[in-house]
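If you're wondering where the values come from, they're calculated on a predicted model, not measured in any experiment. Letters A, B, ... mirror the listed sequences (proteins, then strands); counts begin at 1.
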Amino acid sequence: MSNWQPNALESRRIEKMEALRAAGMDPFPLRAERTHTAQQAIHLLEKSEADLNDGDTLPDMKVTVTGRIVSFRDKGKIVFAHIEDESGRIQLFVRLNNLGQESYELFKKQLDLGDFVQATGLIFRTRMGEPSVNVTTWKILSKALSPLPVAKEQEVDGEVVRYSAFSDVEERYRQRYADLAVNREVRDVFRARAKMMTAIRQFFDSNDFLEVETPVLQPIYGGAAARPFSTHHNQLKQELFLRISFELYLKRLLVGGYERVYEIGRDFRNEGVSFKHNPEFTQLEFYAAYWDYYDVMDFTERMIAHTAETVTGSSTIVFGDHTINLAPPWTRMTLREAIKKYAEIDYVEYPDAAELATAIKKIGGQASPSASWGKLVDGLLGDYVEPNLIQPAFITEYPRDISPFAKKIPNDPAHVERFEFFIGGMEMGNAFTELNDPLDQEQRFLDLQTLYKADEDLNNPIDDDYLRAMRYGMPPNGGFGMGIDRLIMLLADKSTIREVLLYPHLREKIE
RNA sequence: GGGCCAUUAGCUCAGUGGUAGAGCAGGUGACUUUUAAUCACUUGGUCGGGGGUUCGAAUCCCUCAUGGCUCACCA
């Protein structure tokens, strides 16, 4: 049983639906016909006008268009209505003389904003010059029983100005279908997103990468420090986790002989929600044999610039108040330099966590007494450096104790070959010269257990199967991970991740 | 999880202790080239839920829910 009780507006629409039925018109017919999209119909008119010689008259151009009624102006014996399909809007010119009393009255009285209709007639221009369909026959394709929050709009200098738009963010996300139906620019965001995905795949494919798919349900989660969602398989009586990263499964494939692999898919992290965090998000990871993290940097710059050009037409983008130039080369700076520059602490002078914490407090910063040295350095990065990294920047050479999958820098026991890259003040991704020494890797896992001994969820169990794979020999390789949602935030100039997810996670609402 | 703010008609919003409002949408009517069409009349509300203070609460207090911003957390 549904909970729906029609309100006054909906009851009225149900009456209209019955009236259509009584007049012999099925309000939800099986089939529809269309000869032209709205855009094609308009182009047809424009082209034949352009081809016209002086003194000639336009030929008759009959079109059948379909779409949702988005405006309705009843002028007595003429109705002007716009319908919208995915290609755009076109005006219907509906006149009593051209339809006859019965059909005209039905159109005028029993249709509502939001209904889908099909209309046939000659395409022409009204006196005001707007391309329109002079409707001679029409039928309803779907009766909208609930009123959409359709807003009036006006085009001023090519810009759509909307009045009283459906803008309540909570309702827009809870009823994304209504948001998409009435806010055309929201539809554009997800078209841009699809275009971005295609551009990324093309770039990888043209660089000899193989796209693969690895398990979402994993008996041992790993590859990142995050709390997982857990579930279980009934029949196998097996505890399972939704993946928090693809890392360990992808690198096993290098052992298997693939040299360049990538995966685009969903990761799940049981953490807080924010303007740049959603519990499930789309991750891109790649691994390339015989690359180091400098190769990965070169590739990353080119990939992001190429993607931006494909999606927006330019490698220079506008994000909020900033204009960002994504064209290579990007700034490269070690983490030590960056922290020296923005926090004015040279952390190598404080090789002990307690000393570093004191130094951080001295500049007014936050330092948890339980934090490890690496965590403190990372804290400085997040608090002092990250907000300043508006133009794209690689920050390189990270503390070893927070980077369990990266290779050590020779003669520098504290640092590893790892970079993160930042754009628009956001961390976009993370990459390493990947550790391929199985004995070192085992030690790193053991060190992690000490680091996270207080937090069982972060202290994921050692993945023995992954170590076994490494012992068979893993080629040296460079690896990379990036939050795709954040990239489309940049390219579509959206300040929250929810605007680039069709169905962002929301708390359950009890109606 | 903490702090601050918000929640009023289908939509967008006014209303800060004294009879719940506007615009749009809806309804009725007028108008045969309109376009935020226009004009006249008009329907519509458990003011997010619950509790309290008060002669009287949309308004003040408490609480719960949801959302936003923010802080914390998220290698």
Side-chain angles (χ1 to χ4, degrees), chain A residues 6-13 15-16 70-82 89 91-99 104 109 112-114 124-130 132 134 146-156 160-174 178 182 223-227 244-245 269-279 281 366 368 371-372 374-379 381-383 398-406 416 418 420 427 430 432 444 448 451-452 455 457-458 481 495-496 498 504 506-511:
Chain A
N7 64 25
L9 298 174
E10 291 167 331
S11 297
R12 180 70 192 126
R13 284 172 177 236
E15 286 168 22
K16 293 181 180 186
V70 291
S71 77
F72 201 94
R73 291 178 297 284
D74 174 2
K75 281 260 307 160
K77 297 191 172 59
I78 294 184
V79 172
F80 293 93
H82 279 96
R89 293 186 173 196
Q91 182 168 261
L92 303 184
F93 178 84
V94 183
R95 185 156 65 167
L96 173 62
N97 294 14
N98 302 341
L99 278 185
Y104 181 75
K109 297 286 183 190
D112 287 292
L113 294 176
F124 78 115
R125 276 186 198 275
T126 60
R127 265 178 217 164
M128 295 302 289
E130 176 161 353
S132 307
N134 187 357
S146 296
L148 275 170
V150 181
K152 295 202 169 188
E153 49 180 71
Q154 184 185 20
E155 217 166 276
V156 181
V160 173
V161 181
R162 192 171 291 129
Y163 302 85
S164 303
F166 179 48
S167 58
D168 182 284
V169 284
E170 181 175 356
E171 289 309 315
R172 284 183 49 234
Y173 298 151
R174 287 195 193 280
V182 304
R227 289 168 184 81
I244 58 173
S245 89
R269 294 189 183 175
N270 207 336
E271 307 280 2
V273 173
S274 83
F275 76 94
K276 54 180 178 177
H277 294 93
N278 195 66
F281 64 100
Q366 301 217 332
S368 157
S372 71
K375 290 279 285 181
L376 290 170
V377 171
D378 195 55
L381 170 64
D383 292 343
Y398 275 61
R400 175 181 178 274
D401 68 345
I402 54 170
S403 313
F405 301 108
V416 294
R418 169 182 175 189
E420 290 183 313
E427 182 200 331
N430 185 22
F432 326 121
R444 302 291 189 94
L448 273 191
L451 186 66
Y452 291 120
D455 194 331
D457 279 334
L458 291 175
S495 59
T496 91
R498 294 186 183 96
L506 295 173
R507 219 179 280 264
E508 183 181 17
K509 187 169 188 180
I510 291 127
E511 302 276 350

Rounded to whole angstroms, how far apart are [atom1] on [X] and [atom2] on [N]?
| X | N | atom1 | atom2 | result |
| --- | --- | --- | --- | --- |
| A:Lys77 | B:U32 | NZ | C1' | 7 Å |
| A:Glu420 | B:A75 | CD | C1' | 8 Å |
| A:Glu271 | B:C71 | CD | C1' | 16 Å |
| A:Glu508 | B:G67 | CD | P | 11 Å |
| A:Asn97 | B:C31 | CG | P | 14 Å |
| A:Glu170 | B:C5 | CD | P | 19 Å |
| A:Glu10 | B:A9 | CD | P | 15 Å |
| A:Gln366 | B:U70 | CD | C1' | 13 Å |

Any side-chain N or O of [X] under 4.0 Å from OP1/OP2 of [N]?
| X | N | value |
| --- | --- | --- |
| A:Arg127 | B:U34 | no |
| A:Arg174 | B:U66 | no |
| A:Lys375 | B:C73 | no |
| A:Arg507 | B:G67 | yes |
| A:Lys16 | B:G27 | yes |

For the side chain of [X], counting heavy atoms from C-beta on, which of [options] is nearest?
| X | options | answer |
| --- | --- | --- |
| A:Arg498 | B:A75, B:U33, B:G68 | B:G68 |
| A:Val169 | B:G67, B:G29, B:A25 | B:G67 |
| A:Arg95 | B:U33, B:A75, B:G26 | B:U33 |
| A:Asn7 | B:U32, B:A75, B:G10 | B:G10 |
| A:Ala224 | B:A75, B:G67, B:U28 | B:A75 |

With [X] via side chain to side chain contact (heavy atoms under 4.5 Å, CB included) - residues at least two apart:
| X | result |
| --- | --- |
| A:Leu148 | A:Arg68, A:Val150, A:Ala178, A:Ala181, A:Val182 |
| A:Lys109 | A:Glu105 |
| A:Asp112 | A:Arg13, A:Lys16, A:Asp115, A:Lys143 |
| A:Val169 | A:Arg172, A:Tyr173 |

Problem set entry | Any residue meeting salt bridge (charged side-chain N to carboxylate O under 4.0 Å, His left out) with A:Glu427, in chain and number order, not counting sequence neighbours |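 Salt bridge (charged side-chain N to carboxylate O under 4.0 Å, His left out) check on A:Glu427 returns nothing, list empty.
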For this session: Just jot down the salt bridge (charged side-chain N to carboxylate O under 4.0 Å, His left out) partners of A:Arg269, sequence neighbours excluded, or say none.
Result: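 Testing A:Arg269 for salt bridge (charged side-chain N to carboxylate O under 4.0 Å, His left out), a comparison that skips the adjacent residues, returns none.
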Mind checking the [atom1] distance from [N] to [M]? Whole angstroms is fine.
| N | M | atom1 | value |
| --- | --- | --- | --- |
| B:G1 | B:G15 | C1' | 35 Å |
| B:A58 | B:G45 | C1' | 11 Å |
| B:U63 | B:U53 | C1' | 15 Å |
| B:U7 | B:G44 | P | 25 Å |
| B:G26 | B:G51 | C1' | 37 Å |
| B:A57 | B:U16 | C1' | 11 Å |
| B:C62 | B:G2 | P | 16 Å |
| B:U43 | B:G23 | P | 13 Å |

Exercise. Out of curiosity, A:Ile78 CD1 to A:Asn97 CG, how far, rounded to the nearest 0.5 Å?
Worked result: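 It is 8.0 Å, given to the nearest 0.5 Å.
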For this session: Please round to the nearest 0.5 Å and tell me the distance separating atom CG of A:Leu448 and atom CD1 of A:Ile402.
Result: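 Here the rounded value is 11.0 Å.
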Just call it for [X]: base, sugar-phosphate, or nothing, with non-hydrogen atoms closer than 4.0 Å on any strand.
| X | answer |
| --- | --- |
| A:Arg418 | sugar-phosphate |
| A:Pro404 | base |
| A:Ser245 | nothing |
| A:Phe93 | base |
| A:Leu148 | nothing |
| A:Phe281 | nothing |

Detail all sub-3.5 Å separations between protein N/O atoms and N/O atoms belonging to nucleotides 35-38 of chain B.
| from | atom 1 | to | atom 2 | distance (Å) |
| --- | --- | --- | --- | --- |
| B:U35 | O4' | A:Arg73 | NE | 3.2 |
| B:U35 | O2 | A:Glu130 | OE1 | 3.0 |
| B:U35 | N3 | A:Glu130 | OE1 | 2.6 |
| B:A37 | OP1 | A:Lys152 | NZ | 2.9 |
| B:A37 | OP2 | A:Arg73 | NH1 | 3.4 |
| B:A37 | N6 | A:Asp74 | O | 3.3 |

[X]: what forms a side chain to side chain donor-acceptor pair (under 3.5 Å) with it, not counting sequence neighbours?
| X | value |
| --- | --- |
| A:Lys276 | A:Glu386 |
| A:Arg73 | A:Ser71, A:Gln91 |
| A:Glu10 | A:Trp4, A:Ser146 |

Only pairs with both distances under 3.5 Å count, Watson-Crick or wobble alike; so what is the partner of [N] in this structure?
| N | value |
| --- | --- |
| B:U32 | none |
| B:C47 | none |
| B:U7 | B:A65 |
| B:G1 | B:C71 |

For this session: Return the 5'-most residue of the pair A:Arg13, A:Pro147 with respect to RNA chain B, ranking by each residue's nearest nucleotide.
Result: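 Checking each residue's closest nucleotide, the 5'-ward one belongs to A:Pro147.
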Exercise. Is there a donor-acceptor contact under 3.5 Å from the side chain of A:Arg444 to the main chain of A:Ser403?
Worked result: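 Present.
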Exercise. Between A:Arg498 and A:Asn278, is any side-chain donor less than 3.5 angstrom from a side-chain acceptor?
Worked result: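 Distance-only check fails for A:Arg498 and A:Asn278.
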Exercise. Quick one: what's the B/S/- string for nucleotides 41-49 of chain B, heavy-atom cutoff under 4.0 Å, read 5' to 3'?
Worked result: ---------
Polar-atom pairs under 3.5 Å, protein N or O versus N or O of nucleotides 11-15 of chain B: list them with distances, or write none.
| from | atom 1 | to | atom 2 | distance (Å) |
| --- | --- | --- | --- | --- |
| B:U12 | OP1 | A:Ser167 | N | 3.3 |
| B:U12 | OP1 | A:Asp168 | N | 3.0 |

